[in-house]
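I have placed the structure first, in the form of structure tokens, so that the comments after it can refer back to it.
Note that the coordinates shown come from a computational prediction; the quantities given were computed from them, not determined experimentally.
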Amino acid sequence: MAAFAALTPDRTRPVFTVGDATAAVARAAGFDRVQSAGGDLDRLAALLLAQGPGIGPLLVPGAREPAGDLPGLLRDRIEARALPVYEAVGTGASPPAAFDAVLIHSARAARALAALGPFAGQTALALSAAAAAPLGDRTDLEIRLAPTPDEAALLAALGNPPRPV
């Protein structure tokens, strides 16, 4: 959101966000008509569709390789155009030889972690089932899911028992 806010001085347009943290950043940047879908892309699509036929065209700023396809979810109902405003790139840094727990914020991170296995006694804490999906049904890695897709819930999952993925 910060990257998009820097691109436009117009704060009169409504802003719809996938998550609450992005909504808070939008409000802090001066947007006053902000609605969050609570971390669920499908819920965001439903929220947009509920706005009626007058909404659109929509500009969907986000990652160069987004985790989900909002324009695809809206296809044939609301015109939406993706606008890449940032890119997640690997650092090339070597992971530590051993770790107790790792936080997984995206499917991309889970794929990178999966390539490092096998594991023994480590825990992966994932922001969502979608983020954890590339880890599959591993028996060598304990996988825990955050109860809601936000940082506080992800950190709280450190003390929660594992849940099936």
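Tracing side-chain contacts under 4.5 Å through hydrophobic residues (I, L, V, M, F, W, Y), one reaches Leu44 starting from Ile55; they form part of the same cluster. Taking hydrophobic clusters as Ile, Leu, Val, Met, Phe, Trp and Tyr residues chained together by side-chain heavy-atom distances below 4.5 Å, Phe99 shares a cluster with Leu135. Both Leu83 and Val25 are members of a single hydrophobic cluster when ILVMFWY side chains are connected at heavy-atom separations under 4.5 Å. Following chains of ILVMFWY side-chain contacts shorter than 4.5 Å, one cannot reach Val60 starting from Val85, and the two form parts of different hydrophobic clusters. The hydrophobic cluster containing Val18 also contains Leu58, counting ILVMFWY residues as joined when their side-chain heavy atoms lie under 4.5 angstrom apart, directly or transitively.
For Phe16, there are no ring pair (Phe, Tyr, Trp, His ring centres under 6.0 Å) partners two or more places apart in sequence or in a different chain. With sequence neighbours excluded, the residues satisfying side chain to side chain donor-acceptor pair (under 3.5 Å) with Glu65 are Arg108. With sequence neighbours excluded, no residue forms a ring pair (Phe, Tyr, Trp, His ring centres under 6.0 Å) with Tyr86. Listed by chain and number, the residues in a side-chain contact (heavy atoms from CB on, under 4.5 Å) with Ala109 are Ile104, Ser106 (sequence neighbours excluded). Looking at residues two or more places apart in sequence or on another chain, you find a side chain to side chain donor-acceptor pair (under 3.5 Å) between Asp140 and Arg138.
Counting only distance, with no hydrogens or angles, the side chain of Arg11 and the backbone of Ala5 share a donor-acceptor pair below 3.5 Å. With hydrogens and angles ignored, the 3.5 Å screen pairs a side-chain donor or acceptor of Arg144 with a backbone N or O of Ala157. Under a 3.5 Å cut-off, the side chain of Arg77 and the backbone N or O of Leu49 do not form any donor-acceptor pair.
In this structure, Val15 and Thr17 have side chains that are in contact, with non-hydrogen atoms separated by less than 4.5 Å. Using a 4.5 Å cut-off on side-chain heavy atoms (C-beta onward), Leu155 and Leu103 make contact. For the pair Asp100/Thr123, no side-chain contact is recorded, criterion being any heavy-atom separation below 4.5 Å from C-beta on. Counting heavy atoms from C-beta on, the side chains of Val34 and Ser36 never come closer than 4.5 Å. Residues Gln51 and Gln35 have side chains in contact (heavy-atom distance under 4.5 Å, counting atoms from C-beta outward). Taking the side chain as every heavy atom from C-beta outward, Leu48 and Ile78 approach each other to under 4.5 Å. Using a 4.5 Å cut-off on side-chain heavy atoms (C-beta onward), Asp42 and Leu73 make contact.
Closest approach of Ala126 and Ala132 over heavy atoms only: CB-CB, 3.6 Å. In this structure, Pro134 and Ala107 approach most closely via the heavy-atom pair CG-O, 3.5 Å. Nearest heavy-atom pair, Ala80 versus Leu74, reported as atom, atom and distance to 0.1 Å: CB-CD1, 4.0 Å. The nearest pair of heavy atoms linking Leu127 to Glu151 is CD1-N, 4.4 Å. Scanning all heavy atoms of the two residues, the minimum distance from Ile143 to Gly136 falls at CD1-O, 3.8 Å.
How far CG of Leu47 is from CG of Leu41: 11.5 Å, rounded to the nearest 0.5 Å. Distance NE2/His105 to CG/Leu154: 5.0 Å, rounded to 0.5 Å. To the nearest 0.5 angstrom, Leu141 atom CG is 6.0 Å from Leu113 atom CG.
Counting Ile, Leu, Val, Met, Phe, Trp and Tyr side chains that sit under 4.5 Å apart, directly or through other members, Val89 stands alone, with no cluster partners.
Comment: Glu79 does not engage Arg81 in a salt bridge, judged by the lack of any side-chain N to carboxylate O separation of less than 4.0 angstrom.
Counting only N and O atoms by type, the side chains of Asp10 and Thr8 include no donor and acceptor under 3.5 Å apart.
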